[in-house]
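Inspection log for the structure reproduced underneath, given as structure tokens.
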Amino acid sequence: MSKIILGILILTFSTTSFGQKFNLTELIKLSNMDWDDFDTYVTSKGYEYYKTEDDDFAETKAYSYDQARNSKAVYFIAKSVYKKTFTKMVAFQTVKKTEYLAIKEQLKTVGFKYISSETSKGSQFFKLPKRRRYC
């Protein structure tokens, strides 16, 4: 049992020790934050404001992380609030396969399953059904 707890702690500290990375728990927390807390959190991790899109459908605020400070962003994170449904979404983009696969594995671990994908504005999105909660 202590090996399992130690493994979880090591995994948690290793994923949060690198400032620009996000794990699934953080992404869920970010989706529930208000705009000010979202801005503070991602800015404290080294991200810089990128742009805001606000139309009749949704308001989205995006931030980028430039690892080498050479104006070529490696990471993007954005939060969207959909106006008609009052739902929220956080999108995280990385160019590193290991980080991408780690987040996919975390999603599977908590019960999400891949359904399909679509492309919007040049980015690929995965459609995942809501996980079933059993009491």
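Taking OH of Y65 as the start and NZ of K45 as the end, the distance is 10.0 Å to the nearest 0.5 Å. For the atom pair CD1 of I77 and CG of L30, the computed distance is 5.0 Å after rounding to the nearest 0.5 Å. The line from CD of E26 to NZ of K21 is 11.5 Å long, rounded to the nearest 0.5 Å. Note that CZ of F112 is 14.5 Å distant from NZ of K104, once rounded to the nearest 0.5 Å. Atoms CG and CD, from D55 and E53 in turn, are 7.5 Å apart once rounded to the nearest 0.5 Å. Once rounded to the nearest 0.5 Å, the distance linking OG1 of T94 with CG of L101 reads 10.5 Å.
Although no hydrogens or angles enter the test, the distance criterion places no donor-acceptor pair under 3.5 Å between the side chain of K61 and the main chain of W35. Panel note: side chain K79, backbone E59; no donor-acceptor pair is recorded below 3.5 Å. Listed for the D37 side chain is no donor-acceptor partner under 3.5 Å among the backbone atoms of T40.
Using a 4.5 Å heavy-atom threshold, the side chains of I103 and N23 count as separate. By the 4.5 Å heavy-atom criterion applied to side chains, T109 and E105 are counted as neighbours. Under the 4.5 Å side-chain criterion, counting only non-hydrogen atoms from C-beta, Y49 is in contact with T52. Using a 4.5 Å heavy-atom cutoff, the side chains of K84 and F57 are not in contact. Between Q93 and Y75, every side-chain heavy-atom pair lies at or beyond the 4.5 Å cut-off.
The minimum heavy-atom distance between A78 and T60, with the atom names listed, is CB-CG2, 4.0 Å.
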Q. When you look at K97 and E99, which way does the salt bridge (charged side-chain N to carboxylate O under 4.0 Å, His left out) test go after all the steps?
A. CA-CA 5 Å; K97 289 180 196 176; E99 294 169 12; over 6 Å; no
Q: Report the C-alpha separation of K29 and T25 in whole Å, then their side-chain angles, then the decisive distance to 0.1 Å, and conclude whether the side-chain contact (heavy atoms from CB on, under 4.5 Å) test is met.
A: CA-CA 6 Å; K29 276 198 253 181; T25 303; 4.2 Å; yes
Q | Verdict with supporting geometry, F22 and Y41, side-chain contact (heavy atoms from CB on, under 4.5 Å) | A | CA-CA 11 Å; F22 291 99; Y41 193 87; 3.8 Å; yes
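Hydrophobic clustering (ILVMFWY, side-chain heavy atoms < 4.5 Å, transitive): F86 and I28 are in distinct clusters.
Taking the centre of each ring, Y50 and F76 come in below the 6.0 Å mark.
Residues D39 and Y63 bring a donor and an acceptor atom of their side chains to less than 3.5 Å of each other.
Partners of S44 according to the side chain to side chain contact (heavy atoms under 4.5 Å, CB included) rule, which considers only residues two or more places apart in sequence or in another chain, do not exist here.
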